[in-house]
Number of protein chains: 2
Amino acid sequence: MPEISRRGQLMPNSPIRKLVPLAEKAIRKGIKVHRLNIGQPDILTSPNALKAVHTYDGNIIDYGHSAGNESLRKKFSDYYKKINIPLDYEDILITIGASEAIILTLMTCLNAGDEIIVPEPFYANYFSFATATDVEVIPVTSSIENGFVLPPITEFEKKITPKTKAIIICNPNNPTGHLYSRKELEQLRDLVNKHDLFFLCDEVYRELCYDGGIFTSAMQIEGIEKNLILIDSVSKRYSATGLRVGVLASRNRELLQTTLKFCQARLCPPNIGQVAAEAALDSPPEYLDYVFNEFLERRNFIVHALNDIEGVYCPLPKGAFYVMVKLPVDDAEKFSMWMLEEFEYNKQTVMLAPGSGFYYNTDLGKQEVRIAYVLKLKDLKNAIECLQKGLESYPGRILPKASADHVKIKIA
Amino acid sequence: MPEISRRGQLMPNSPIRKLVPLAEKAIRKGIKVHRLNIGQPDILTSPNALKAVHTYDGNIIDYGHSAGNESLRKKFSDYYKKINIPLDYEDILITIGASEAIILTLMTCLNAGDEIIVPEPFYANYFSFATATDVEVIPVTSSIENGFVLPPITEFEKKITPKTKAIIICNPNNPTGHLYSRKELEQLRDLVNKHDLFFLCDEVYRELCYDGGIFTSAMQIEGIEKNLILIDSVSKRYSATGLRVGVLASRNRELLQTTLKFCQARLCPPNIGQVAAEAALDSPPEYLDYVFNEFLERRNFIVHALNDIEGVYCPLPKGAFYVMVKLPVDDAEKFSMWMLEEFEYNKQTVMLAPGSGFYYNTDLGKQEVRIAYVLKLKDLKNAIECLQKGLESYPGRILPKASADHVKIKIA
């Protein structure tokens, strides 16, 4: 047979999804698998979105505009203006999830061989999108030991080469929960301007900032109008991940015109998904409050419960709905597989996302996992109990010598 | 601002969609635009699909499996087996339309700089997908003068270089209507085997073969199990283009495993689209008969009506729902723009897809347009009348000297 492509060979298995076959096997054995591996909340989808599906009134489910439905683009513009992000509907392209928005941006902005700087640990699929488009990921490493605080901007600057074309951040961050301050964004702005880079900001979790943390959108930072691409999605905000409706927004019209050519080739985003997303954007404030309070409660529970387990450490995330967790194990991926293949507790087990997939150098996250606190409290409690029991009987358990040194987590 | 990527600059505007802004302007002036530019039938979507949308019973529109819903993959497998294409559900990945299936295949099989051979005129977006993935398109040219008969396979072989990695065909063909014979497929099989190439077959129009023409799927040709990738979609068969649900199928499991890694990165195909597609596959045979008869009647009308216009020539397509048409004009793209910007007849005009976008060398299709016969007969009649009047008053009209030489089209 002919040889698979180089990018196909380099492409990593998603750390979030590669254990799915093992989970399916466990389920077939009658074991309940608590899925903490993936950002799929068990929160009901916005009723507005569901109603729009049930009352869909077309009799031809037809192609739409390649840029997305104009009415949806206008609805997004209204939403952004309300939260003080001034974007006209013509600044907005509707994409097939934030995933497509990132791929389209990489194709529009970077050549094969160009470099994009990413603070790590990063959303694992950033690496996949870069591999798919022959772009090199250059990491700036933060570590769990100091709570994933953002490295100084000078560390970013050290990584710049003639091949550097862009920086991508996720704010609030998946997987670390880091919430970028205005000052950090302004420092990145200065760097982006100094070296004339594209700046990709993935803000799909912007409504989930805890402990009084104030969210600043990169769109609210002046002086990078031509450099900035905002990535967004309705998936998390309205618990509607399966709609596959995202946003690529920029005030750089030349860039959007180029991206639109890629959009034309794939014809249009999903028709019914767009109709549902448009309705979701009209969700009552009570719905978003409910979503926020759910995640806040879950975060407060899980951070305490995890740090209470011997040898486990996780910093306090300030936003989004993930924690990066250090486990007292030889290899977190082996442990995650063992939990699905060998372990059960009261006919239950836990599915985790091995941390190594969130680092460029996969040795760095060898003892870490990403946990998505997307389950209701009752299930989270069972899942954490399961995890604790699993850690106690895992053959590769390694208790750290100085686990008491970790700072106790305080929640305001 | 930083520079747009090379692939962004090379990316063509879709010939099918680039005139959309002009059409929108005409509509704002109160003109009815007959859209013959795009394969969007006015046929009602399969009622099964619509019902599935209205009765969607989830309360969380969640992520699905990256390979697509297992139930949908099994339904496709049943469908294929019924039409004598033996594919297990594990040979099938669900994609975001046939568009994504092609992009994923190019990413999986070809490196940047590799070459793919395509008989031209070709579906314009093949070129776009290749540009997006840094793949070189190598055309094998057929011409309207001899009815777009497939060039001899020796012409394909002449184009093979050390960089050649794949051949792609569309059967029945968009835009020419060519229906590949078993013999032609076997010749391609031999070529593919001789040079160890991947073979991509886009069969989204397989149910639309006219005049007793027998459709042979590349999946029914033996000896290329490891080389063949089948591309499919529910869009055309069930008039549900907006669902964005397609298929990438292969018996080469290593290839599918690699493609699945790309699928994992973009998470999953649209949730509700998949539910609707699964229902569509259960459409009663009467629905498909109705669709077939509609297109047959439309084809018979339009081929006659077009050839009756002075200076116009179109060969008889044997499948799909397009005709490539030669017009007596200086430049078919200029004419298509003029029809939208300057012309109206009884407050109506026609939107066409300029033919040059369907050729690698855009000079080749300069007098041609692609017409999709996707409108009901009454509208098609108005559209053709409009086109005739437009041709009569277009300032760049050029009547061919020997138009009478064209063979008269006979419909069996």
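In this text, all values refer to a predicted model and were calculated from it rather than measured experimentally. In the text below, chain A, chain B and the rest are named by the order of the sequence lines, each starting its count at 1.
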Legend entry - Atom group of B:V135 that falls short of 4.5 Å from chain A, counting heavy atoms: side chain
Inset, instruction - Give, as side chain, backbone, both or neither, the part of B:C109 having an atom under 4.5 angstrom from any heavy atom of chain A. - result: backbone
Inset, instruction - Against chain A, label B:L104 side chain, backbone, both or neither, depending on which of its atoms sit under 4.5 Å from a heavy atom there. - result: neither
Legend entry - Atom group of A:H195 that falls short of 4.5 Å from chain B, counting heavy atoms: neither
Inset, instruction - Name the region of A:L197, side chain, backbone, both or neither, that has any atom closer than 4.5 Å to a heavy atom of chain B. - result: backbone
Inset, instruction - Could you tell me whether the side chain of B:T45 reaches within less than 4.5 Å of the side chain of A:N59, counting heavy atoms only? - result: no
Legend entry - Heavy-atom proximity to chain B below 4.5 Å, by part of A:P41: backbone
Legend entry - Residue, of A:S239, A:A240, A:G58, A:C268, that accumulates the most heavy atom pairs under 4.5 Å with chain B: A:C268
Inset, instruction - Name the region of A:Q274, side chain, backbone, both or neither, that has any atom closer than 4.5 Å to a heavy atom of chain B. - result: neither
Legend entry - Largest heavy-atom contact set with chain B, pairs under 4.5 Å, which of A:K226, A:M107, A:E254: A:M107
Legend entry - Residue pair A:T108 / B:M11, side-chain heavy-atom distance below 4.5 Å: no
Inset, instruction - Using the side chain to side chain contact (heavy atoms under 4.5 Å, CB included) rule, pick out the option among B:N271, B:L267, B:I272, B:I61 that qualifies with A:R244. - result: B:L267
Inset, instruction - Can you tell which part of B:P269 gets under 4.5 Å to a heavy atom of chain A, answering side chain, backbone, both or neither? - result: backbone
Legend entry - Top contributor to chain B contacts, counting heavy-atom pairs under 4.5 Å, from A:N193, A:I102, A:L110: A:L110
Legend entry - Contact summary for A:G64 and B:R17, nearest pair of heavy atoms: O-NH1, 3.0 Å
Legend entry - salt bridge (charged side-chain N to carboxylate O under 4.0 Å, His left out) partners for B:E70, two or more places apart: B:K74
Legend entry - chain A contact via B:I38 - side chain, backbone, both or neither, heavy atoms under 4.5 Å: side chain
Legend entry - Side chain, backbone, both or neither of B:E225 within contact of chain A (heavy atoms, under 4.5 Å): neither
Inset, instruction - Could you tell me which residues in residues 122-134 of chain A have at least one non-hydrogen atom under 4.5 Å from a non-hydrogen atom of chain B, sorted by residue number? - result: A:Y123, A:N125, A:S128, A:F129, A:A132, A:T133, A:D134
Legend entry - B:V20 portion near chain A, given a 4.5 angstrom heavy-atom threshold: side chain
Inset, instruction - Heavy-atom distances under 4.5 Å only: say whether B:S99 touches chain A with side chain, backbone, both or neither. - result: side chain
